[in-house]
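Here's the structure we're looking at; comments come further down.
What's counted below: heavy atoms across the whole structure, side chains too, no hydrogens, waters or symmetry copies. As the structure is a computational prediction, the values presented were derived from the model and not from experiment. Chain A is the first sequence line, chain B the second, and so forth, proteins listed ahead of strands; every chain is numbered from 1.
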Amino acid sequence: MITVKNLHKSFGENQVLCGVNYHINPGEKIVVVGPSGSGKSTFLRCLNLLEYPTEGEIWFDGQLINGDKVNLNEVRRHMGMVFQHFNLFNNLTIMDNIILAPTKLKIMSKEEAKETALTLLKRVGLEQKADAFPGSLSGGQKQRIAIVRSLAMNPKVMLFDEPTSALDPEMVGEVLEVMKELAESGMTMVVVTHEMGFAREVGTKVVFMDGGNIVEENTPAEFFANPQAPRLKEFLSKVL
Amino acid sequence: MCHYPLFDTIKRYMRITNDEKGICGMKWFADVWQKINIAFIEQDRWKLYLKGLGVTLEVAFFAAIIGIIIGTIVAFMKLSTKKNGKPTIFAGIANVYIDIIRGTPSVLQVLIMWFIIFASCKNGILVACISFGVNSGAYVAEIVRAGILAVDKGQTEAGRSLGLSNLQTMRYIVVPQAFKNVLPPLGNEFIVLLKETAIVGYVALDDLTRVANQISSRTYEAFMPLIGAAIIYFVIIKILTILLAKLERRLRKSDNR
Ligand SMILES: Nc1ncnc2c1ncn2[C@@H]1O[C@H](COP(=O)(O)OP(=O)(O)OP(=O)(O)O)[C@@H](O)[C@H]1O
Ligand SMILES: [Mg+2]
């Protein structure tokens, strides 16, 4: 579904990604782990071109999306993204947060979008918050809404960048629960996280990034039981 | 008929001679009254102040509108970037404009507009409005730009990640939030503008300042006209400041919803 070839990204002099190659099949749940500054976020943000690669190719659904004459907005409709800091639109109610993109992009009528939104809100247990503003919600609630907002676009893949890192510990569970359900529904997911339990339980593959490249990739069981690279062993000894 | 003792006394003293007044404690009041009389009441001079105030407010108001239009456009020009993140030619033009306006005295800008650029136009008010509008636009541009940059980058990223275009993200998400950041400093800019218009006398416009100046030279009496004009400016600006503070408080409240 997504193929990354020789992906390089630098910010000025600072080379952050140095030739990443990776392939993601439909339905996979890829969990990306690694030390701070290793380029996990940048890698994820290159996938939907929030960061534009300096070199390399990103293929999505058989299309080279960082080529010329690609309609980026059209591509991004099919890739949902959930951010560490939620990024709900502060000026809009929860309902308007969810229906803004589907209606403005003329994918659904207002009524359809509202119906979809309510169904999704019920799924995460927040339908009573439809008319609230983001400022009045807890972190966990915000993040569940952010997931719903992405899902309302009916994406083919969902990208998560440390979705629980900004949450109070007691709220991590409710968000992971929603993500688990989403995984069970068959969604293709790429998740950057420090939640090793989630990686073990939900991931189909776990990827270790360090120094701007993928150092190791394996099934969760093998990844945690049988790490090969010394850097991964060191990393795991710190986080487990 | 009711009587106002103070007024009666003052009137009486105005009729008696200076020598007689000199021996009396009411001389000071009488003097003041006479000065006020000359500065504001004789020959209906208060009407001139009112007219002058009208000109001042008119120029400030229309200049503010022009300034907001220019400033908004210039702000977006300055923010425009190419795909690789480098500034566009429009950003360059915007920078030059802002530099020139900020780097020259506004009196000179008005004079240049009046005597050179619009030399053939005899409508002083129009030229003043344009001149101050162009001047204010540079400052408004910086205000608007700062207001937009103050909106969390995550808001834009979330919008773009959903497939909204840059324009849609601006229109539905960033601008409504920037609007709140921008209103208070825009109010301040208007206050500055209102005072700045005091120089339109240079292009023969009878604004409040010039009227006061003219009356003071015609009556050989500077104190009352000038202080009077200052008080009028002060009161208007005080009222604007209070309104602005109220607005700010309300905006802050709506932030916590
Ligand atoms: N927009 C940017 N401009 C300049 N440098 C950046 C930018 N974004 C990231 N970097 C740099 O790229 C490097 C990798 O950042 P990245 O956010 O991808 O790391 P990460 O693995 O997600 O780390 P963390 O776990 O802390 O989120 C860092 O050194 C960071 O300073
Ligand atoms: Mg990160």
Taken to the nearest 0.5 Å, the spacing of B:Ser165 OG from A:Leu72 CG works out to 11.5 Å
Looking only at heavy atoms, the pair that brings A:Asn91 and B:Ile173 closest together is ND2-O, 3.8 Å
So for atom OH, which belongs to B:Tyr97, do other residues, nucleotides or ligands contribute more than 12 heavy atoms lying within a distance under 6.0 Å? yes
Does B:Leu167 have more than 12 heavy atoms from other residues, nucleotides or ligands lying within 6.0 Å of its CG? no
Residue B:Lys238 excluded, over 12 heavy atoms near NZ under 6.0 Å: no
Would you say the side-chain atoms of A:Asn87 pair up with the backbone N or O of B:Gly159, donor to acceptor, closer than 3.5 Å? no
Within a 6.0 Å radius of atom NZ on A:Lys180, are there more than 12 heavy atoms belonging to other residues, nucleotides or ligands? yes
A:Arg149, part contacting chain B, at a heavy-atom distance under 4.5 Å: both
Might you point out which heavy atoms bring B:Leu162 and A:Ala101 nearest each other, and give the distance in Å? CB-CB, 3.9 Å
Within 6.0 angstrom of B:Tyr172 OH, more than 12 heavy atoms from elsewhere: yes
Proximal component of A:Leu159, with respect to chain B [non-hydrogen, under 4.5 Å]: neither
Side chain, backbone, both or neither: which part of A:Met153 has an atom under 4.5 Å from a heavy atom of chain B? side chain
Please tell me if the side chains of B:Ser161 and A:Phe83 come closer than 4.5 Å, counting only heavy atoms from C-beta onward. yes
Counting heavy atoms not belonging to B:Phe90, are there more than 12 under 6.0 Å from its CZ? no
Identify the heavy atoms of B:Gln177 and A:Asn90 that sit nearest to each other, and give their distance. OE1-ND2, 3.6 Å
To the nearest 0.5 Å, how far apart are NZ in B:Lys153 and NE2 in A:His85? 12.0 Å
Check A:Lys104 against B:Leu164 and note the closest heavy-atom contact, atom names and distance. CB-CD2, 4.1 Å
Side chain proximity check, A:Leu100 to B:Gln168, heavy atoms < 4.5 angstrom: no
Taking everything shown except A:Glu115 itself, do over 12 heavy atoms lie less than 6.0 Å from its CD? no
